[in-house]
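What follows is a single structure, written as structure tokens, with notes after it.
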Amino acid sequence: MKSAFLVLSLLLNVLVVSVSPIAAQSMNYPPSPTQDITDDYHGRSVADPYRWLEDVESDSTEAWVKAQNEVTQAYLNSLSSREPMRRKLEELWNYERTGVPVHRGDRYFFTHNDGLQNQSVLYVAKDDVAPDQLADARKVLIDPNTLSDDGTMALGSWHPSDDGRLLAYSVADGGSDWRTWRVRDVATGKDTDDVIEWSKFSGIAWTPDNDGFYYARYAAPKDGEELTGTNENQQLYLHRLGTPQSADALVLAYPDQPQWGFSPTVTEDGRFLVIENWKGTEPKTQVFVRDLTHDDSEIEELISGFDADYRFIGSRGRTLFFLTDHQAPKRSVIAVDVPERGIADRSGWKTIIGESSDVLEDVSLLGDQLYASYLRDALSQVERWSVSGERLGTVELPGKGSASGFGGRQDSEETFFTFSNYVTPPSIHRVEVATGKSELWLRPEVPFDVDAYVTEQVFCVSKDGTRVPILITRHRDQANDGTNRTLLYAYGGFNISLTPAYSPAIAAWLDAGGVYAVANLRGGGEYGSEWHEAGMRLNKQNVFDDFIAAAEHLIEMGVTDRSRLAIRGGSNGGLLVGAVMTQRPELFGACLPAVGVMDMMRYHKFTIGWAWVSEFGSSDEEDQIDNLLSYSPLHKLKPGTCYPATLITTADRDDRVVPGHSFKFAAALQAAQTQAADTCDNPTLIRIETRAGHGAGTPTSKKIEEYADLWSFLIANLE
């Protein structure tokens, strides 16, 4: 059998591998046999010789993974900077971290990590506790570190009931997006018998009586397809406490719309169930409502047509408030009255906060006020508004960076937010809702000289003249002499905004003398829906042009030169790195594509990949084929080309961007690079994490090991 041959050849290769620290000529990459597979895409013939690597459960693929990891780890372990870097990362990660408290009933719920714990612990404390007394008064509610020996069982989302007596929480196993939900009695610290399985991409919403909750789930996957099978036909259910999942009541499902999903919220007064109806990652939603004050009420459409994005904020009586980009690319807040039956008449919609020159990112309804968080050139600004639309003032922030939080209930007298930037660890601030006055509530002490580093914002000009911001963080004494090892990071997709945030990993890179730069590319949400749409589908090349322009600008400024410039991105950002390194291989000294979407012909055939069609287009659409092939990293690799030193990273349990993307790209990249071995000694390696997924819930110990590998790889290759 062919698969048996593959396994044998891969295992034999492990025994003879020989690695020198830098030179790739002597590196014996594991063999990646090819198959004669060609697909026809609307008249375009496209070869797929590494299709067998899509089957991540096969013996052949498992042997290939083992062989690749052997080669990669032998190389990384030979680097003299790796162990010192690992020790520095461990030192920098070892500081106490506390999450923003959530107030329910007479209790605060918050997470805390003592520094090197693999997973943060969820605590509970009475609300009469002062910040400096939290450590003494808190009680452990859930410690996910006790769920597995290796720290790969993680606490997902958690939701206290309105009275604070119960907590619904989800657990993620080994990095998978699948969630198992349970319910814990807060007073006793013991779980009830309630268990919900096969939930994904869903939170929960407690019923007004706190006797159950709404949640979304998929049908149980077939055996062997848990991590690769397509996720379609999400359904909304109501679970009543004390009953088995099999007895849960189906609330909403559309079998003829397999790509629809549902996010439930119950208004704080218990009057309405509000259901945001989404369709993949398309930034447009519909809204359904049910009047919960009548047992026989039907679910009614409130906003239909998928014409814009509508995010529920809160309610006052029959008036619902939404954050939307309807006729407002940078978003506004509208008030919609719920009719007795049927769709709300749009002529009755009222604008409460109009569109401004800054992007309105998030809004919270607290008392009679709306706390509105804006982005100005990717930096946070926060304003207060009355529910009638009167501007009340600003919330003073500690500096230039990212502020997030401002959660709470409408009767809350206080709210909290975190503030952070690339050199400022996240501090928690308490805000008096009525006045907007803020005070420091909790600040961590970190083993890092934050005052020695500065962040500056510059702008580059992309190929078509578009102005693109870059945030550059470095030691304040570093000169623009072209000698700095520089890491450029970006994402550029799905309306996601990259804002400044502290990371021990970035601190370690800075401590080692590196410069860290982040570019806010089109495709993101930093400047509203038009900025996003300028990087979607047929406009995707704009994203790559922006990234290339940012790289060239750093070189022109003298921050670095080509041999000392590295690029990194994950998921859609992994696609970004794969695309630009194949378009401009001479521009970079090293590349770190992480969990990337590398095969643009077949990405939509796995798990939730179909949901990205609105962002990328798909090979099922004839008018998209040429565009996809023009940048698909897997298909743009050219044998004999000297590509930059590359360390691909992925994980065996990634069920969002399945690892087959990275596997196939690594095999093709190594084959292409081998043909240039006479003139090119750049290593092209893949690091495959086990018992991990797309990134969420990764244990601290695994993060430290991964970044030790990444940073030592860059230090060795950015010479």
Side-chain angles (χ1 to χ4, degrees), residues 1-11 13 29-69 221-231 574-575 578-579 582 593 595-610 612-613 616-621 624-625 628-639 646 648-675 684 686 688:
M1 293 177 60
K2 189 169 186 179
S3 60
F5 164 74
L6 291 174
V7 174
L8 180 60
S9 63
L10 289 166
L11 290 176
N13 189 75
Y29 294 116
S32 300
T34 59
Q35 297 174 321
D36 186 14
I37 296 177
T38 302
D39 296 306
D40 182 271
Y41 294 101
H42 305 283
R44 288 84 162 170
S45 182
V46 179
D48 193 8
Y50 302 108
R51 178 79 56 85
W52 60 277
L53 285 169
E54 292 179 353
D55 185 358
V56 297
E57 302 290 341
S58 73
D59 292 343
S60 302
T61 301
E62 288 183 4
W64 183 89
V65 166
K66 184 176 185 297
Q68 290 284 353
N69 273 341
K222 297 177 182 178
D223 288 345
E225 296 184 3
E226 292 86 353
L227 300 179
T228 57
T230 302
N231 303 137
L575 160 63
T582 54
V595 293
V597 185
M598 300 301 196
D599 182 352
M600 301 309 297
M601 296 293 100
R602 290 175 57 79
Y603 75 86
H604 58 300
K605 298 181 180 295
F606 303 97
T607 61
I608 199 64
W610 58 264
W612 313 330
V613 170
F616 299 138
S618 86
S619 58
D620 294 335
E621 305 168 87
Q624 298 291 324
I625 293 296
L628 292 169
L629 284 174
S630 73
Y631 69 81
S632 178
L634 177 64
H635 301 93
K636 292 299 289 182
L637 290 166
K638 296 179 181 178
T646 302
I648 303 163
T649 52
T650 188
D652 63 350
R653 289 176 60 80
D654 188 343
D655 53 355
R656 192 173 306 178
V657 179
V658 293
H661 280 280
S662 294
F663 294 174
K664 291 165 68 174
F665 184 70
L669 177 61
Q670 289 174 352
Q673 194 83 323
T674 298
Q675 294 191 34
T684 51
I686 181 169
I688 306 155

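Note that the structure is predicted; figures quoted are calculated from it, not measured.
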Straight-line distance of [X] [atom1] to [Y] [atom2], nearest 0.5 Å:
{"X": "L628", "Y": "S618", "atom1": "CG", "atom2": "OG", "value": "7.5 Å"}
{"X": "T34", "Y": "Y50", "atom1": "OG1", "atom2": "OH", "value": "6.0 Å"}
{"X": "I625", "Y": "H42", "atom1": "CD1", "atom2": "NE2", "value": "5.0 Å"}
{"X": "D655", "Y": "E225", "atom1": "CG", "atom2": "CD", "value": "13.0 Å"}

How close do [X] and [Y] get, counting heavy atoms only, and between which atoms?
{"X": "S662", "Y": "V595", "result": "OG-CA, 4.3 Å"}
{"X": "W52", "Y": "P33", "result": "NE1-O, 2.7 Å"}
{"X": "I686", "Y": "N69", "result": "O-OD1, 4.0 Å"}
{"X": "D654", "Y": "P659", "result": "O-CD, 3.3 Å"}
{"X": "G574", "Y": "M598", "result": "O-CE, 3.4 Å"}
{"X": "D652", "Y": "I688", "result": "N-CG2, 4.3 Å"}

Whether [X] side chain and [Y] backbone form a donor-acceptor pair below 3.5 Å:
{"X": "H661", "Y": "V597", "result": "no"}
{"X": "H604", "Y": "G617", "result": "no"}
{"X": "E226", "Y": "G224", "result": "yes"}
{"X": "T61", "Y": "E57", "result": "no"}

Please tell me if the side chains of [X] and [Y] come closer than 4.5 Å, counting only heavy atoms from C-beta onward.
{"X": "L634", "Y": "M600", "result": "no"}
{"X": "K636", "Y": "P633", "result": "no"}
{"X": "L669", "Y": "T646", "result": "yes"}
{"X": "Q670", "Y": "Q68", "result": "yes"}
{"X": "T607", "Y": "R656", "result": "no"}

With sequence neighbours excluded, residues passing side chain to side chain donor-acceptor pair (under 3.5 Å) with D48 | R51, K664

Which word best sums up how the rings of Y603 and W612 line up, parallel for under 30°, tilted for 30 to 60°, or perpendicular for over 60°?
-> parallel

Residue set satisfying ring-ring contact (aromatic ring centres under 6.0 Å, His included) with Y631, at least two apart, ordered chain then number -> F544

ring-ring contact (aromatic ring centres under 6.0 Å, His included) with F663: which residues, sequence neighbours excluded?
-> W64

CG of D223: more than 12 outside heavy atoms within 6.0 angstrom?
-> no

Lys/Arg N to Asp/Glu carboxylate O, E54 vs R602, below 4.0 Å | yes

side-chain contact (heavy atoms from CB on, under 4.5 Å) test vs F665 passes for just one of L637, L53, T684, namely L637

